[in-house]
Amino acid sequence: MNAPDNHVPAQADGVVDWLTTGTRDERFIDNIFAQMCIRLQQAGIPVKRATLHILINHPQWLGARMMWSDGMREAEIALVDYDVRERSEYIGSAANEIHDGAAEVRERLEQDSSLSRKHALYDEMRNKGLTDYVAWPLYHTLGKRHIVTFATDRPGGFDDAHVAGLKKLLPVLALVSEIRVKNRLARTLLETYVGSHAGELILAGATRRGSGTTVRAAIMICDLRDFTKISDNWPRDDVIDLLNDYFDAMSEPIARHGGEILKFIGDGLLAIFPLHTPNACANLLHAVAEARQAMAALNERNSATGRAPLNYGIGVHVGDVMYGNIGSTSRLDFTVIGPAVNMASRLEALTKKLGRNVLLSRDFAELVEKEFQLEHVGRHEVRGFSDPIELFAYQG
């Protein structure tokens, strides 16, 4: 192995200083990571490939992998699902070893492969001409362990000075990455639990009780039929799976067409399509049509396992709503309230009585009747409203 360059650790101090004071205005850890690798090369540390593996709290993804290689200006991001730990790509990997407690994984790729760890990643790196690979845990607070790795194509691999320079980065990289990961986590959790638009408002400081604004929107309320009977007679896990499948069928079209789901209420959901978006009302009906198709496909799958078909009702109205923070002094809900929301809720309740899956108010129907074929179902008493309401059905 070549003699170590004793100047490298001192040169790496410049990268540490940059991480400490030069990244304050950078929001995304993947950008910081790529720039860090480029600066390491400039400091004389022959990094050819590097990865950062972060565990995230997300309903669908276990984590994210950021990968940089020589010549890249930006890191590539790949999301990792929860099942990865059952697959060969994880079993026996450096990530597996570190999650099991290893403080370092070092694989000298130039040595005889018969003496090396057996994993496809090491073979892949050898084939790309890499000579040395090292992985370390990256410690965040409360015992959370993430992973950073570095590889080189330098003959003889990293020398001791290179490894020392890389190790000097780890505590600062841990602090810098934790701040960005927690910022992203806060945003992800808000998007997951209150929706993307409400999440942005909350992050921007809309957290005071009673704060809010008046929004003109199309309101959609959906409810699953006979859920009480299902929940009383089905095993708990089956009920949860059913609800998740039902909400997927309904929610994904809403999100695709620009709607925002504000809350799930038991077996129901409340969504709005703000009218400042062009074609908001038409988008709502497109979402309903796609949700109908998704529910038909779900019922077909369920029938193959002997489950009864799921039925639902949707009420749609349009009007002004108060959109903001409502609740107690210590527990707030970011939602919409107002007569327009009450009307949508009453129309959803009427779908069962009138034998229609989707009922629209006259106010909403007037905004879409030139584009969609609607069925006039007459004027009907609506609980809480003094005059009968003219209603329309939509078959999708």
Side-chain angles (χ1 to χ4, degrees), residues 7-47 49-58 61-69 72-80 94-95 97-106 133-152 158 160-192 199 202-205:
H7 294 292
V8 168
Q11 290 173 319
D13 286 345
V15 184
V16 172
D17 291 343
W18 170 78
L19 277 173
T20 305
T21 62
T23 60
R24 293 170 181 163
D25 295 328
E26 179 53 66
R27 179 176 172 183
F28 300 110
I29 185 59
D30 55 303
N31 292 338
I32 293 173
F33 187 64
Q35 184 60 225
M36 180 194 78
C37 292
I38 294 168
R39 288 172 181 266
L40 284 171
Q41 288 184 327
Q42 294 169 348
I45 299 179
V47 175
R49 176 189 184 276
T51 61
L52 179 62
H53 305 253
I54 299 291
L55 296 173
I56 56 177
N57 289 336
H58 188 279
W61 306 108
L62 171 67
R65 184 199 71 172
M66 291 155 240
M67 197 273 287
W68 174 90
S69 61
M72 295 172 60
R73 305 301 301 177
E74 297 180 352
E76 293 179 354
I77 301 176
L79 295 171
V80 180
E97 290 191 54
I98 287 178
H99 284 144
D100 284 347
E104 178 180 284
V105 174
R106 181 84 179 268
Y133 171 85
V134 62
W136 290 295
L138 203 62
Y139 294 99
H140 287 190
T141 53
L142 302 176
K144 293 189 174 169
R145 290 158 58 94
H146 307 279
I147 301 167
V148 63
T149 80
F150 300 97
T152 185
F158 293 120
D160 292 344
H162 298 143
V163 172
L166 292 172
K167 280 187 172 181
K168 291 183 79 170
L169 297 175
L170 300 184
V172 180
L173 178 60
L175 290 172
V176 168
S177 62
E178 180 162 17
I179 292 167
R180 272 66 182 189
V181 168
K182 287 193 171 179
N183 286 345
R184 179 64 256 183
L185 174 59
R187 189 174 299 275
T188 296
L189 290 176
L190 284 170
E191 289 173 353
T192 300
I202 292 168
L203 287 172

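These numbers come from the heavy atoms of this one structure, side chains and all, not from hydrogens, waters or symmetry mates.
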Quick one: [atom1] on [X] to [atom2] on [Y], what's the gap to the nearest 0.5 Å?
{"X": "R65", "Y": "L79", "atom1": "CZ", "atom2": "CG", "answer": "11.0 Å"}
{"X": "I179", "Y": "H140", "atom1": "CD1", "atom2": "NE2", "answer": "9.5 Å"}
{"X": "M66", "Y": "L52", "atom1": "CE", "atom2": "CG", "answer": "5.0 Å"}
{"X": "N31", "Y": "E26", "atom1": "CG", "atom2": "CD", "answer": "4.5 Å"}
{"X": "L62", "Y": "H53", "atom1": "CG", "atom2": "NE2", "answer": "12.0 Å"}

For residues [X] and [Y], report the shortest heavy-atom separation together with the two atoms involved.
{"X": "L19", "Y": "V176", "answer": "O-CG2, 3.4 Å"}
{"X": "F158", "Y": "P46", "answer": "CE2-O, 4.0 Å"}
{"X": "I45", "Y": "A12", "answer": "CD1-CB, 4.1 Å"}
{"X": "A34", "Y": "R73", "answer": "CB-O, 3.7 Å"}

Report, as yes or no, whether the 6.0 Å neighbourhood of atom CD on E74 holds more than 12 heavy atoms from other residues, nucleotides or ligands.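 Open: at most 12 neighbouring heavy atoms sit under 6.0 Å from CD of E74.
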Show the numbers, then the answer: is there a side chain to side chain contact (heavy atoms under 4.5 Å, CB included) between I56 and I54? CA-CA 6 Å; I56 56 177; I54 299 291; 4.0 Å; yes
Residues in side chain to side chain donor-acceptor pair (under 3.5 Å) contact with S69, at least two apart in sequence or another chain: none
Kindly determine whether R39 and Q42 satisfy side chain to side chain contact (heavy atoms under 4.5 Å, CB included), including the steps that lead there. CA-CA 5 Å; R39 288 172 181 266; Q42 294 169 348; 4.1 Å; yes
Evaluation steps, side chain to side chain contact (heavy atoms under 4.5 Å, CB included), between L55 and H99: CA-CA 11 Å; L55 296 173; H99 284 144; 4.2 Å; yes
[X] versus [Y]: any side-chain heavy-atom pair under 4.5 Å?
{"X": "L170", "Y": "W136", "answer": "yes"}
{"X": "V163", "Y": "R106", "answer": "yes"}
{"X": "L169", "Y": "V15", "answer": "yes"}
{"X": "V134", "Y": "V105", "answer": "no"}
{"X": "W68", "Y": "D30", "answer": "no"}
{"X": "I32", "Y": "W18", "answer": "yes"}
{"X": "T149", "Y": "R49", "answer": "yes"}
{"X": "H146", "Y": "P137", "answer": "no"}

Hey, which of E178, R145, K144 is the one that makes side chain to side chain contact (heavy atoms under 4.5 Å, CB included) with Y139?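 When side chain to side chain contact (heavy atoms under 4.5 Å, CB included) is applied between Y139 and each of E178, R145, K144, only R145 qualifies.
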Please list, chain by chain and in numerical order, all residues satisfying salt bridge (charged side-chain N to carboxylate O under 4.0 Å, His left out) with E104, sequence neighbours excluded. K167
Taking it one step at a time, do L40 and L166 satisfy side chain to side chain contact (heavy atoms under 4.5 Å, CB included)? CA-CA 8 Å; L40 284 171; L166 292 172; 3.8 Å; yes
Counting distance only, does the side-chain N/O of S177 pair as donor-acceptor with the main-chain N or O of A174 below 3.5 Å? yes
